[in-house]
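Bear in mind the structure is a predicted one, so any value in this text is a computation, not a measurement. When a ligand or atom number is given, it counts from 1 through the structure's own listing order.
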Amino acid sequence: MSASPQRREELAASLAAVQRRLRAAEAAAGRAAGAVALVVVTKTFPASDVALLAQLGVREVGESREPEAGEKAAACAALGLRWHQVGQVQTRRAAAVARWADVVHSVDRPKLVAALARAGAARGRPLECLLQVDLDERPVPDRGGAVPADVPALADLVAAADGLVLGGVMAVAPRTGDPARAFARLREVAADLVARHPGAGTVSAGMSGDLEVAVAHGATVVRVGSAVLGTRPRGD
Ligand SMILES: *Cc1c(COP(=O)(O)O)cnc(C)c1O
């Protein structure tokens, strides 16, 4: 994993800028400094970038696709990072994801819960699951996410599974419409979830373009890729 000093400088500067944005957003929302955790989404970027980020103090990284994610996590195993699966998980890939992920942000259907539960039990260390909520007023197939009405039943399934731990909720702002409205809705879904499952207080929302809006509406985790690493070669 060789990396140029130039790339290190670049990542240090962009990471610092994102951390400043996050601190400013926390302050603007009247929240404590450090109340919101940063997951740096490294998908499509090389393991050498992950190593540089670890040197710069990053401890939580996000990935989205197999086999890239598993290979990168294996290459970075010595760095002591916490790995987040932020993208969609195909049911047949659940076991592969459970080999490297500490947290899966995109749990959205009973079949996936069952597959992850088997994999979590097999690895002997529970897998943290966030329920992805579809906030689109007209849900789009294939974008992922459970509609809010399906969240309570899905939460009960995760909470009852031996191999899984229910962490909270996650969402991506809809492509159209007001992200503030969407994140406000997510906050309501999160409050209902915590009322039934007091340990499940994580709210994963906010990306490079909308982290301030998400923090204003109660996000506890933001998932930031391009603002730290640069524009991705692929469009995902
Ligand atoms: C890629 C991705 C991100 C990061 O997006 P940026 O706009 O690059 O910050 C966050 N969440 C999910 C679910 C993603 O797929």
For this session: Give yes or no for whether the N/O distance cutoff of 3.5 Å, strictly under, is met between Ser64 and ligand 1.
Result: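 Min N/O separation from ligand 1 is not below 3.5 Å for Ser64.
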Exercise. Looking only at N/O atoms, are Gly225 and ligand 1 under 3.5 Å apart anywhere?
Worked result: yes
Ion pair check, [X] and [Y], cut-off under 4.0 Å:
X: Glu68; Y: Lys43; value: no
X: Arg175; Y: Asp136; value: no
X: Arg109; Y: Asp150; value: no

Exercise. Taking heavy atoms and a distance under 4.0 Å, where does His84 meet ligand 1: side chain, backbone, both or neither?
Worked result: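 Neither part.
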Exercise. Near Val224, which atoms of ligand 1 are under 4.0 Å from a heavy atom of that residue?
Worked result: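 Contacts of ligand 1 toward Val224, numbered from 1: 9 (O).
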Exercise. Of all the atoms in ligand 1, which lie at a distance below 4.0 Å from a heavy atom belonging to Met170?
Worked result: 13 (C)
Problem set entry | Spacing of Arg65 atom CZ and Gln90 atom CD [to the nearest 0.5 Å] |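 Reported to 0.5 Å precision, the distance equals 9.5 Å.
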For this session: Indicate yes or no for a side-chain donor-acceptor contact from Arg8 to the backbone of Leu56 under 3.5 Å, with no hydrogens or angles considered.
Result: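 Between the backbone of Leu56 and the side chain of Arg8 there is no qualifying donor-acceptor contact (under 3.5 Å).
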Exercise. For the side-chain contact (heavy atoms from CB on, under 4.5 Å) test, which of Gln132, Arg223, Gln85 pairs with His105?
Worked result: Arg223
For this session: Please work out which of Arg65, Glu63, Met207, Gln132 has its closest non-hydrogen atom nearest to atom 10 (C) of ligand 1.
Result: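 Nearest heavy atom to atom 10 (C) of ligand 1 lies in Met207.
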For this session: May I ask which of Ser204, Gly87, Ala171, Ser208 has a heavy atom nearer to atom 9 (O) of ligand 1 than the others do?
Result: Ser208
Problem set entry | contact_flag His105 ligand 1 heavy-atom lt 4.0 Å | no
